[in-house]
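Predicted, not measured: the structure shown is a model, and the values here were computed from it. In what follows, chains are A, B, ... by sequence order, proteins preceding strands, each numbered from 1.
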2 protein chains.
Amino acid sequence: MRKRTATSYDVARLAGVSQSAVSRAFSAGASIAAETRQKVLAAARELGYQPNAIARSMSSARHADVQRTGIIGLIVTRLPDPFFSQIIDMFSRSFQLQGWHLLLFSVEAEAEVDRALTELMRFKIDGAIVMSALMSDHMAGVCRRAGIPVVLYNRRASRSEASSVCIDNADGGAQAAGLLLQTGHGRIAFLGGSHHDATSDDREAGFLAGLERGGLRLAAREEGDFTFDSGVEAGKRLLLSRERPDAVFCASDVMALGVLHAAQEYFGLSVPRELSILGFDDIPAAAWPRHQLTTIRQPYRAMVREAVEILIRQLEAPDGPGRDAVFAGQLILRRTVRGANLLPDGGDRAREARAAAAGQPASHA
Amino acid sequence: MRKRTATSYDVARLAGVSQSAVSRAFSAGASIAAETRQKVLAAARELGYQPNAIARSMSSARHADVQRTGIIGLIVTRLPDPFFSQIIDMFSRSFQLQGWHLLLFSVEAEAEVDRALTELMRFKIDGAIVMSALMSDHMAGVCRRAGIPVVLYNRRASRSEASSVCIDNADGGAQAAGLLLQTGHGRIAFLGGSHHDATSDDREAGFLAGLERGGLRLAAREEGDFTFDSGVEAGKRLLLSRERPDAVFCASDVMALGVLHAAQEYFGLSVPRELSILGFDDIPAAAWPRHQLTTIRQPYRAMVREAVEILIRQLEAPDGPGRDAVFAGQLILRRTVRGANLLPDGGDRAREARAAAAGQPASHA
DNA sequence: ATGCAGGATGCATGCGCAGTCACAACCGAG
DNA sequence: CTCGGTTGTGACTGCGCATGCATCCTGCAT
């Protein structure tokens with residue numbers, strides 16, 4: 001049986017004041033004498049009293065403009081993926097620092113997002129972050145009507161039903177294409193993530209457009225599911241083909257590392273001499289000494305900071321405008337692209353990217 | 001301004017019934033006519049009504065034996081670490097499946113656990129999982145008095161103030177020592193995690209005891225902080241020493257991979273011919289083709305399942321006994337220990353471990 | 001000495017829901 | 001046709017808190 005915890009009435013009795021006084025002692029800026037507050041806090045300490053956050057949000061439900069539970073829903077996909085776990089950690093810490101709490105929901109497929117949001121809304125979350133997934137238009141409407149701001153991370157919001165923060169995937173793809181063309185690759189392959197995943201598709205589109213501008217066409221195309229193992233398998237398929245590609249651009253670092261390990265281990269290839277590999281994201285393992293993967297970095301710290309700011313601003317001014325922030329990816333030249341280290345200053349595109357990333361994100365209200 | 005969402009009264013009015021009827025329509029096993037329930041559900045659908053979970057837990061606070069918020073606190077350390085992110089993901093999914101929700105709290109240091117629990121208790125969590133950290137005895141008492149079960153993951157509970165689930169770290173260390181002795185290594189080093197970290201200390205103690213049984217002493221000792229980079233740095237220090245070790249046992253796979261990359265990249269060493277490396281945990285990257293790290297596997301799926309079961313059992317029978325589950329680590333022979341693949345069936349210890357892991361965990365009520 | 005402003009405090013109320021209680025409606029048996 | 005029993009339903013209450021409102025008190029100006 002759950003033991004009863006002390007309530008504000010218990011504290012009031014012990015401190016010899018009214019329950020209102022206890023409530024006021026715990027809310028900043030309330031009209032209460034310093035002496036009284038001390039008396040109350042002392043009694044509270046003695047009883048181990050902590051204001052009940054649930055009851056508090058119930059109570060304030062009356063006062064229209066401040067109903068707050070202090071809870072934010074965080075809906076995540078592929079939590080164990082190193083790219084995402086870094087981001088989740090940063091979200092968690094950022095919100096904590098500002099006094100918010102996160103209700104975590106891990107979903108498998110895009111289709112579960114609506115269900116997750118519905119369930120979270122029963123807890124009267126004040127807002128939500130949705131990672132790498134979209135909600136339905138229906139759900140977006142429900143959230144809007146309920147006054148719950150949602151920020152999509154890693155997805156562009158369509159029709160401004162929500163705010164969003166993401167990387168310019170098409171531009172990243174174009175940067176990748178530019179680098180591979182500039183370094184004289186001829187048989188270029190692309191390894192995509194899950195079928196019809198917006199992120200992967202955009203990177204591919206930008207990549208293809210970039211190749212086309214250089215007068216090249218894709219030599220091969222494979223598809224994985226953003227996991228390392230799928231990268232290994234796709235790598236094997238690519239390298240077994242008759243016309244072996246001399247470069248592969250992968251929709252994520254995790255898959256790119258799969259290709260790298262497959263190329264070295266199962267084909268004894270020298271990277272980048274016999275095969276160039278280009279990733280996307282810049283996860284920690286990309287920088288490991290034996291990997292030194294050339295990739296497009298997502299400035300995820302700035303991106304998370306931006307997402308948190310957008311959400312909190314909307315929490316404070318619920319009728320304010322949303323915001324779509326698009327960040328530029330930054331080409332990181334390491335060792336897996338042949339000839340790249342010979343380019344002056346890492347090539348023009350890299351310089352451009354660096355400049356863009358340093359500034360503000362492009363935005364669309 | 002937050003828009004008002006539909007309440008049970010709104011649904012009642014639309015359905016032409018009382019508020020009580022609406023409440024009953026949403027609670028299984030309540031005394032209500034099927035026809036009435038349908039009417040209510042239809043009205044609810046029309047208004048987009050969802051029972052308010054906050055108000056529900058407020059209300060049921062009166063009925064002593066069932067106060068439930070449905071929220072479980074999850075306090076985590078080192079969230080981005082691949083070993084932990086897998087586990088967090090599994091916790092998240094397991095609890096979700098059973099209708100519980102997780103309030104996530106990411107902490108940096110052991111000392112923050114008490115603060116985190118205190119904060120979570122304001123939300124009247126029904127229970128908590130604490131990963132890789134201990135709470136103070138004081139806090140344990142507070143939780144016990146409040147009737148909030150806590151399960152420590154990856155830590156042994158002292159004085160049965162809480163339940164716990166963890167791996168037999170000392171035995172894992174002993175297995176590591178056994179393997180290195182059996183394969184004829186002579187200058188053996190240990191790479192620890194953070195200073196005075198219980199996990200690292202226990203692994204070290206078991207390892208040292210094992211070496212001693214074989215008549216060997218540690219040739220060198222280094223300390224990192226469980227990160228890859230610290231593994232690289234510690235690896236450099238070890239390999240620069242006059243009497244270079246011929247084997248290193250690392251307190252975690254992440255650090256072991258750091259040593260591996262450092263040995264190959266900065267010293268051009270052949271692993272395992274010139275240096276054997278042994279890790280602990282068996283994270284996904286340990287199995288990558290170019291790593292093939294020999295390690296002690298934690299059967300984390302079974303462990304998380306056990307932790308969830310323990311917590312839910314205590315949630316349902318709050319006065320029931322706690323439980324300390326200790327799982328056996330399983331030696332996974334890959335390629336980073338010289339001579340290990342020559343052992344019959346991977347060596348006796350591996351067979352033993354496999355058998356132990358297949359069975360029930362040892363337990364101490 | 002009187003009036004008044006402004007701070008401090010207590011009382012009463014309701015947030016949305018689940019459960020208790022009382023009673024109406026309806027059943028089959030006598 | 002009446003009576004005990006069974007269901008279904010609605011009125012009412014309180015979970016713990018924050019706040020509006022009324023009241024009281026203190027200090028200061030007149």
Exercise for review: Map B/Tyr49 and B/Arg24 onto DNA chain C by nearest heavy atom, then report which one ends up closer to the 5' terminus.
Suggested key: B/Tyr49

Practice item. Report the residue (A/Thr36 or A/Tyr9) whose heavy-atom-nearest nucleotide on DNA chain C is the more 5′ of the two. Key: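 Counting from the 5' end, the first nearest nucleotide belongs to A/Thr36.
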
What is the separation between atom [atom1] on [X] and atom [atom2] on [N], rounded to the nearest whole Å?
X        : N      : atom1 : atom2 : value
A/Ile54  : C/dG14 : CD1   : P     : 23 Å
B/Glu35  : D/dG8  : CD    : P     : 11 Å
B/Phe26  : C/dC17 : CZ    : C1'   : 12 Å
B/Arg37  : D/dT9  : CZ    : P     : 11 Å
A/Met58  : C/dA18 : CE    : C1'   : 12 Å
B/Arg68  : C/dA18 : CZ    : C1'   : 16 Å
A/Phe123 : C/dC15 : CZ    : P     : 22 Å

Point to revise | side-chain contact (heavy atoms from CB on, under 4.5 Å) assessment of A/Met131 paired with A/Arg155 | key: CA-CA 8 Å; A/Met131 290 191 48; A/Arg155 280 284 185 286; over 6 Å; no

Among [options], the one nearest [X] by side-chain distance:
X       : options                : result
B/Ser18 : C/dC17, D/dG16, D/dG10 : D/dG10
B/Gln19 : C/dG19, D/dA11, C/dT9  : C/dG19
A/Ala21 : C/dG10, C/dC15, C/dC17 : C/dG10
B/Arg56 : C/dG16, D/dT9, C/dC17  : C/dC17

Exercise for review: Return the orientation label for the B/Phe105 and A/His101 ring planes: parallel under 30°, perpendicular over 60°, tilted otherwise.
Suggested key: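 Judged by the thresholds at 30° and 60°, the geometry between B/Phe105 and A/His101 is tilted.
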
Review point. Looking at A/Ser23, does any N or O in its side chain come under 4.0 Å of the phosphate oxygens OP1/OP2 on D/dA18?
Key: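 Yes, such a contact exists.
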
Review point. Below 4.0 angstrom from OP1 or OP2 of C/dC17, is there any side-chain N or O of B/Ser59?
Key: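 No, because none of the side-chain N or O atoms of B/Ser59 sits under 4.0 Å from OP1 or OP2 of C/dC17.
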
Review point. With ring centroids as reference points, do B/Phe26 and B/Tyr49 lie under 6.0 angstrom apart?
Key: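 Between B/Phe26 and B/Tyr49, the centre distance is under 6.0 Å.
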
Check your understanding: Roughly how far apart are B/Leu104 CG and A/Phe91 CZ, rounded to 0.5 Å?
Key ->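 Between atom CG of B/Leu104 and atom CZ of A/Phe91 there are 12.5 Å.
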
Review point. Distance-only, no hydrogens or angles: does the B/Asn52 side chain make a donor-acceptor pair with backbone N or O of B/Thr7 under 3.5 Å?
Key: no

Review point. Base, sugar-phosphate, or nothing: which does A/Val17 touch, judged by heavy atoms less than 4.0 Å apart?
Key: sugar-phosphate

**Study point:** No-H, no-angle donor-acceptor pair, A/Ser20 side chain to D/dA18 base, under 3.5 Å
**Key:**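 Check fails, no donor-acceptor contact within cut-off.
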
Exercise for review: Tell me which of B/Ala34 and A/Gln50 sits closer to the 5' end of DNA chain D, going by the nucleotide each one is nearest to.
Suggested key: B/Ala34

